[in-house]
Each structure stands twice: as structure tokens, then as C-alpha cells.
Amino acid sequence: MSLKSPAGYGSSTTTTTQPQPSSPTSLTFISRATRATQTLIAPRRPWAELFTPFSSFSLPFSYPDALSRIRRNFYHFRVNYALTVLFILFLSLLWHPVSMIVFLIVFVAWFFLYFDRDTPIVLFGQSLDDRVVLGALGFVTVIALVLTNVGLNVLVALIVGVVVIGLHAAFRGTDDLFLDEESAVEGGLVSVVGTQPVRPTYTRI
């Protein structure tokens, strides 16, 4: 006589659900979106990076070299440069209370639209580049202050700011700076990869 245990008796079935790994397509999309956001939004660099290492300061070799340094440094330090110009502009308005109030109101727009945002500004379905936002805010700031009858102060402050930034950008070396993909596309980097043709190798049998 054989004894059969009831079906399912003495056995247990465990079902585990494992999370599905992200598909390569979704990972690629997230990676591209992250790079696009980093390109559209410029971070503020540490202030010490503007002056260290001290060995990075040197005379440019030529006029094209100076222009190349200015372009790269402006792209890398543009948030710091914007703060520098705004600070110089602020100092020029210390004896003009009305203009100072207007400046502080405009600076609120600078803070929320440029210095303290972590997502791109979207206008009519298009993401605005960081440099477009910088130019628009600068234009609005100048116009708003000129309307308060401090045009000469604004002009002098802008000239001083441009001279200070220009001298720093021209004498600050760029060899130690991290340049992203957009800068490389614009000619900021000269890649040596692929400059030499790849020679085929043969194996003798």
C-alpha cells in the first residue's frame, strides 16, 4: 500500500519579485538630460579657484592666446564674473538711495533666475541657455538703473568691471580648468586623440 500526501502538503512556494533593471534607452536619456541641464546652467566656481594656483597666472604668448584665455575663463567663471560686476555696480550706487532700491529689486531677479536655480528656464517650449539669461538680466539691470539718472555711475562701474574681468581672464591660465563638451565643440579643447592614423596590425602565421 502506498501513501500519498495531499497535494501541496509539506511544500512551500515562494515568489519573489525582483526590480527590473533600467533599460539602456532610459539610462541614455537620463544621461543626456543631465548633461544638457549642466550645459544650460553654469555653476558658481569656488572663489579660491580664480586665484589658485598662483602659478597659473602668466603673460599670454600672443593676442590669439589672450583671446582664447578670455573665452575659456569667461565660460568657466561667468557666474563669478557676474557677481563681481554686480558688486562693483553696487559700490557705485552707495550714495544714490533710489537707485540702490532699484538695484536690490533687480538683484532679486538675478538671484532666482540665475544664481539660485537648478533647472533651465523654459520659454515658449525652448530651454534658454545660461548665457542668454545672463545677457537678458544684464540688459534689464542697466536699463533699470539708467532710468534712475545714474547713467554715468553705471557706465563707470561697467568699464571698471570689464577691465577687472578682462585682466583676470587674460592672465589666468586655463590648463587646469575643466572644460565640458560644449567648450570642446567651440574649440576650447584640442584633443590629441585620433590625430595619428591607426595602423593595422598583422599576425604572421
Side-chain angles (χ1 to χ4, degrees), residues 36-54 56-57 60 66-174 176-180 182-183 186 188:
T37 302
Q38 293 174 347
T39 301
L40 293 174
I41 301 175
R44 183 180 65 83
R45 310 295 178 179
W47 289 102
E49 188 177 341
L50 275 77
F51 305 101
T52 56
F54 295 104
S56 62
F57 287 88
L67 291 180
S68 177
R69 288 187 180 187
I70 292 174
R71 186 182 69 252
R72 297 185 190 183
N73 281 317
F74 178 77
Y75 186 84
H76 191 78
F77 295 116
R78 60 183 180 271
V79 176
N80 303 75
Y81 286 163
L83 283 171
T84 301
V85 174
L86 288 175
F87 179 73
I88 295 174
L89 190 57
F90 174 81
L91 294 179
S92 70
L93 303 174
L94 290 178
W95 291 272
H96 301 274
V98 176
S99 302
M100 182 72 68
I101 294 174
V102 173
F103 176 84
L104 293 177
I105 294 174
V106 176
F107 186 79
V108 173
W110 275 93
F111 182 78
F112 287 104
L113 297 179
Y114 192 74
F115 298 121
D116 192 51
R117 63 185 175 91
D118 52 3
T119 57
I121 297 178
V122 179
L123 184 64
F124 301 113
Q126 296 292 330
S127 297
L128 297 181
D129 186 83
D130 177 79
R131 286 164 291 186
V132 175
V133 179
L134 176 63
L137 288 173
F139 178 78
V140 171
T141 302
V142 171
I143 296 300
L145 292 177
V146 168
L147 293 178
T148 61
N149 299 321
V150 288
L152 181 60
N153 299 65
V154 173
L155 179 61
V156 173
L158 290 179
I159 292 176
V160 173
V162 169
V163 171
V164 170
I165 290 174
L167 289 175
H168 178 272
F171 287 90
R172 175 48 162 98
T174 58
D176 63 320
L177 300 183
F178 171 76
L179 303 178
D180 57 16
E182 182 175 340
S183 180
E186 293 177 352

What side-chain donor-acceptor pairs closer than 3.5 Å can you find for residues 138-161, not counting sequence neighbours?
unit_1	atom_1	unit_2	atom_2	d
T141	OG1	W110	NE1	2.7
T141	OG1	L137	O	2.7
T148	OG1	S99	OG	2.8
T148	OG1	L145	O	2.5
N153	ND2	S92	O	3.1
N153	ND2	H96	NE2	3.4

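- With sequence neighbours left out, the ring-ring contact (aromatic ring centres under 6.0 Å, His included) criterion links F57 to H168.
- Expressed to the nearest 0.5 Å, how far CZ of F54 lies from OG1 of T52 amounts to 6.5 Å.
- Partner of I165 under the side chain to side chain contact (heavy atoms under 4.5 Å, CB included) criterion, chosen from N73, I70, V85: V85.
- To the nearest 0.5 Å, the span separating CD on E49 from CZ on R172 amounts to 6.5 Å.
- Side-chain atoms of V79 and Y114, non-hydrogen and from C-beta on, do get closer than 4.5 Å to each other.
- Judged purely by atom type and a 3.5 angstrom limit, R78 uses its side chain to pair as donor or acceptor with the backbone of Y75.
- Taking CG of L86 as the start and CZ of F115 as the end, the distance is 5.0 Å to the nearest 0.5 Å.
- Interatomic distance, CG of L83 versus CZ of F90, reported as 13.0 Å (0.5 Å rounding).
- Side-chain atoms of N80 never come within 3.5 Å of backbone atoms of L50 as a donor-acceptor pair (strictly under, hydrogens ignored).
- Not a single donor-acceptor pair under 3.5 Å links the side chain of R71 to the backbone N or O of A66.
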